[in-house]
Protein chains: 2
Amino acid sequence: MKASDRAYASLRDDIVEWRLAPGTVLGEVEQAERLGVSRTPLREALARLTAEGLATAQRGRGVVVSDVSLAHLGELFELREALECKAASLAAQRGDRARFAALRDRLLAAPALLTDEDPQRSEYYALAAELDSAVDGAIANTYLSQSLEGLRVHLARVRRLAKDDAARLRQAAAEHAAIAGAIAEGNAPLAAAATAVHLNNSLNHIKSVQIHLPRPEDSTGPAVRTVPTHSTRPSAPREASHG
Amino acid sequence: MKASDRAYASLRDDIVEWRLAPGTVLGEVEQAERLGVSRTPLREALARLTAEGLATAQRGRGVVVSDVSLAHLGELFELREALECKAASLAAQRGDRARFAALRDRLLAAPALLTDEDPQRSEYYALAAELDSAVDGAIANTYLSQSLEGLRVHLARVRRLAKDDAARLRQAAAEHAAIAGAIAEGNAPLAAAATAVHLNNSLNHIKSVQIHLPRPEDSTGPAVRTVPTHSTRPSAPREASHG
DNA sequence: TTCGAGGCTTGTGTATACACACCTCTCGGC
DNA sequence: GCCGAGAGGTGTGTATACACAAGCCTCGAA
């Protein structure tokens, strides 16, 4: 594997797993030494992270780990609603119904996975990822799939804010099952609606749990895509409204 | 300005303006010499292009200008519908109504801009860009704005396929005016619907004009985002269905 | 004591050199 | 005559050195 790939994967994991906190300055020399690569591949890794929105290039200070805040969370979920509702709708039109029916049944049985023996809930999250993957395959749209993929990186990072308890995960499993069921029935509007419901509940859950976040005022500006030379709006985002 | 920025901007323009055709191999040494920069900043430029989806990294052959085909166009417009409908909806909820009312009126008067003295239709496209910009400002969502911005690069490239005539542009202006009007009224569902109508008409227009495209079979795989190591699906996309 | 200017230090931006991998062409063997 | 292996060449991947810009600390003057 290329050194730049290793550096990218390592930094990406460190950010998603919160080993690198938001606001951390990613000095080229420092990170290059830490990861055991030279500055050239590290710069490529930083460029990819910046393009993905996990890091932000700041004038003079170099690249810093991008901020995550409740304010940005509303924005993130608005984009998520746009993409995932569309994806669910397309999957309902094009997907393999049997596959989604099977996923629905497994999701309905998911509460059994939430045992004390799996504190990481890895089995549950694997099942949710399987649904994501099935939707990806069903929509047959590279642009949309890759946008979703880019979004999921941010969502994995945000998951640490959610502090999902067993009750919430049971509810989420039911919501996922509803989505899978709607897709299995080929009911596109229902699939989109079920997705909207699920996202709304997810966001409300995170908001109810996480009232305060570190550094809500220092907005380094989130980014979900490469932005050539683009304005980073410092204003406060409004309340997200789903409907 | 940094050399990498210059290289990026230059290559980006060359691709969007079709001076670099799809499938063109962007050799590092060759392009570095052509643009008068060293390989290091050029590699950064190529990485940004690849992240944006204008170029695709191919194993062994380096980076090539990504392909554009009618098949991919349907996928692109599906993503566009997801993002722009959401954006229009949010703008209707949050936008400055007077601003959009003014835009609506100017768009209704836009057919007067389509004179023979402006074969590039630059005034018209500037007005359309102004609507985009107003929506961007109104939605107050950095994630969504940047996703839209990334999309517009591809749309500018595709515009060359559209061969918009005056009749189509007059119709498009009316559709844009409908969108602006719905936003001005604060009617979110109507704004989304008007956007869906406009996109559907745009896509159908392009399809009706461009039946055949160069190299529809050699699918180098489009990408609208950075993709770490991601599957490029070779299958043919289905018909886009809007509504 | 405070403000400003200048030098130092740190870090990014760029160029270039080197290593390695893959592709290709050719030659030899079957 | 065809297939395979090896050598050469092209091009990417990586490391490193150098230049420059920005920030900071310090020293001097008001």
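Lettering follows sequence order; numbering is per chain, from 1. These numbers were taken from a predicted model, which means no experiment stands behind them.
Residues satisfying the side-chain contact (heavy atoms from CB on, under 4.5 Å) test with Arg34(B), not counting sequence neighbours, are Leu11(B), Asp14(B), Leu20(B), Gln31(B). Not counting sequence neighbours, the partners of Ser202(A) by the side-chain hydrogen bond (donor to acceptor under 3.5 Å, both in side chains) test are Arg168(A). Qualifying side-chain hydrogen bond (donor to acceptor under 3.5 Å, both in side chains) partners for Arg39(B), counting only residues two or more places apart in sequence or in other chains: Glu28(B). Remark: Glu123(A) engages no residue in a salt bridge (charged side-chain N to carboxylate O under 4.0 Å, His left out) (not counting sequence neighbours). Every residue two or more places apart in sequence or in another chain that forms a salt bridge (charged side-chain N to carboxylate O under 4.0 Å, His left out) with Asp132(B) is listed here: Arg152(B).
Here the C1' atom of nucleotide dT10(C) and the CD atom of Glu30(A) are 13 Å apart, to the nearest Å. Note: CZ (Arg43(B)) to P (dT14(D)) measures 7 Å, nearest angstrom. To the nearest angstrom, C1' of dG11(D) lies 13 Å from CD of Glu33(B). For the pair Glu28(B) CD and dT14(D) C1', the interatomic distance rounds to 11 Å; values are reported in whole Å. Protein atom CD of Glu44(A) is 15 Å distant from nucleotide atom P of dG13(C), rounded to whole Å. Following rounding to the nearest Å, Met1(A) (CE) and dA21(C) (C1') show an atom-to-atom distance of 17 Å. Regarding Leu46(B), its CG atom lies at a distance of 10 Å from the P atom of dG13(D), rounded to whole Å. The CD atom of Gln58(B) sits 12 Å away from the P atom of dT12(D) (whole-angstrom rounding).
Arg80(A) forms a cation-pi arrangement with Phe77(A), by the criterion of a distance under 6.0 Å to the ring centre and an angle within 45° of the ring axis.
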- Item | Reading 5' to 3' through nucleotides 16-21 of chain D, protein heavy-atom contacts under 4.0 Å coded B for base, S for sugar-phosphate only, - for none | BB----
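Contact between the side-chain N/O atoms of Ser4(B) and the OP1/OP2 oxygens of dT14(C) is found at a separation under 4.0 Å.
For the pair Val25(B) and Val37(A), both in contact range of DNA chain D, the more 5′-proximal nearest nucleotide belongs to Val25(B).
Checked against dT12(D), dT14(C), dT14(D), the side chain of Ala3(A) finds its nearest nucleotide in dT14(D).
Using a 30° and 60° split on the angle between ring planes, His198(B) and His176(B) fall in the tilted class, from 30° to 60°.
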